[in-house]
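For the single chain, residues carry numbers from 1 onward in sequence order.
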Amino acid sequence: MSFPATHHDHAHCTAELLSRAERTCERRGSRLTGQRRDVLDCVAQSHLAVGAYDIIERMASRGPRPAPITVYRALDFLEAHGLVHKIESRNAFIACTHPHDGKPAALLVCERCGLVAELDAPAAFANLEAAATEQGFHVHRRVVELSGLCSACGREG
């Protein structure tokens with residue numbers, strides 16, 4: 001995956017994500033409740049990382065203000081189902097733009113504009129896990145974030 005094109009059809013991007021979320025939940029026997037769908041829609045509004053309280057504000061602009069615990073629970077559900085990624089360094093979330101089939105993705109975070117892209121890097125993750133296993137370490141969670149400048153910001157100097 002790469003950073004989105006400047007003029008990509010974000011409405012199509014969001015619609016595809018919500019459709020994939022429905023299929024994923026159905027396949028797993030889970031429910032994409034209205035609240036979970038609303039949280040996912042708020043996260044998917046852009047390719048910028050968004051925090052829980054930003055999500056609460058977005059939801060409050062469309063209806064009743066949800067309780068923080070409700071949003072955090074929805075985010076936990078969405079993350080567990082591979083529909084959002086948590087950007088640990090920013091304590092924020094980004095919508096997962098494509099299915100990884102259960103495999104981890106690295107996150108590319110632009111320091112200037114804040115855009116986030118997913119990077120499939122199965123060989124890199126396999127190498128890291130092999131090195132960890134050699135040390136007797138058991139990996140439970142994989143988080144790789146690369147911070148720098150996207151191609152648009154890099155051209156700006």
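- Across every non-hydrogen atom of Ala49 and Ala92, the tightest pair is CB-CB, 3.7 Å.
- Contact of the Phe77 side chain with the Cys25 side chain is registered, since non-hydrogen atoms from C-beta on lie closer than 4.5 Å.
- From His81, atom NE2 reaches atom CG of Leu40 across 12.0 Å, with rounding to the nearest 0.5 Å.
- Using a cutoff of 4.0 Å between basic side-chain nitrogens and carboxylate oxygens, Arg141 and Glu88 are scored as salt-bridged.
- Arg36 and Asp41 are not joined by a salt bridge, as no carboxylate oxygen comes within less than 4.0 angstrom of a charged side-chain nitrogen.
- Of all heavy-atom pairs spanning Ala95 and Leu17, the tightest one is CB-CD2, 3.4 Å.
- Hydrophobic clustering of Ile, Leu, Val, Met, Phe, Trp and Tyr side chains at less than 4.5 Å, counting indirect connections, unites Leu83 with Leu75.
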Could you please spell out the steps behind the side chain to side chain contact (heavy atoms under 4.5 Å, CB included) verdict for Val116 and His47?
CA-CA 6 Å; Val116 180; His47 293 280; over 6 Å; no
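- Among Arg37, Arg31, Arg27, the single residue meeting the side-chain hydrogen bond (donor to acceptor under 3.5 Å, both in side chains) criterion with Glu22 is Arg37.
- Across all non-hydrogen atoms, the minimal contact from Pro66 to Gln35 is CB-NE2, 3.6 Å.
- Connection of Phe137 to Val143 is not established within any shared hydrophobic cluster, with ILVMFWY side chains joined at heavy-atom distances below 4.5 Å, either directly or through further cluster members.
- Here the side chain of Thr14 pairs no donor or acceptor atom with the backbone of Ala11 at under 3.5 angstrom.
- Tracing side-chain contacts under 4.5 Å through hydrophobic residues (I, L, V, M, F, W, Y), one never reaches Val71 starting from Ile69; they form parts of separate clusters.
- In this structure, CD in Glu145 is found 3.5 Å from OG in Ser89, a value given to the nearest 0.5 Å.
- A side-chain donor-acceptor contact under 3.5 Å links Glu118 to the backbone of Thr97.
- Judged purely by atom type and a 3.5 angstrom limit, Arg20 uses its side chain to pair as donor or acceptor with the backbone of Cys96.
- Under a hydrophobic-cluster definition in which Ile, Leu, Val, Met, Phe, Trp and Tyr are linked whenever side-chain heavy atoms come within less than 4.5 Å, directly or via other members, Phe93 and Leu32 are assigned to the same cluster.
- In this structure, Thr70 OG1 and Arg65 CZ are separated by 12.5 Å, a value rounded to the nearest 0.5 Å.
- Residue Arg73 qualifies as open at atom CZ: its count of foreign heavy atoms under 6.0 Å is 12 or below.
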With side chain to side chain contact (heavy atoms under 4.5 Å, CB included) as the criterion, how do Lys103 and Phe125 come out once you've worked through the C-alpha distance, each side chain's angles and the decisive distance to 0.1 Å?
CA-CA 9 Å; Lys103 299 198 170 51; Phe125 280 101; over 6 Å; no
Let me see the working for Cys153 and Glu111 under side chain to side chain contact (heavy atoms under 4.5 Å, CB included), right down to the final yes or no.
CA-CA 9 Å; Cys153 290; Glu111 296 168 349; over 6 Å; no
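- Contact check for Cys42 versus Arg62: side-chain heavy atoms found under the 4.5 Å cut-off.
- Side-chain contact between Leu115 and Val109 is absent, with no heavy atoms from C-beta onward closer than 4.5 Å.
- Judged by distance alone, the side chains of Arg23 and Ser19 do bring a donor and an acceptor atom under 3.5 Å apart.
- Residues Val39 and Leu78 form a side-chain contact, since some pair of their non-hydrogen atoms from C-beta on lies under 4.5 Å apart.
- Within 6.0 Å of CD in Glu16 there are more than 12 heavy atoms belonging to other residues, nucleotides or ligands.
- Separation of atoms CG (Leu149) and CG (Leu108) is listed at 12.0 Å; rounding is to 0.5 Å.
- Remark: Ile94 CD1 to Leu48 CG distance equals 6.5 Å, nearest 0.5 Å.
- To the nearest 0.5 Å, the span separating CG on Leu119 from CG on Leu146 amounts to 7.0 Å.
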Decide yes or no on side chain to side chain contact (heavy atoms under 4.5 Å, CB included) for Arg58 and Val50, but give the supporting numbers first.
CA-CA 10 Å; Arg58 288 178 183 180; Val50 61; 3.9 Å; yes
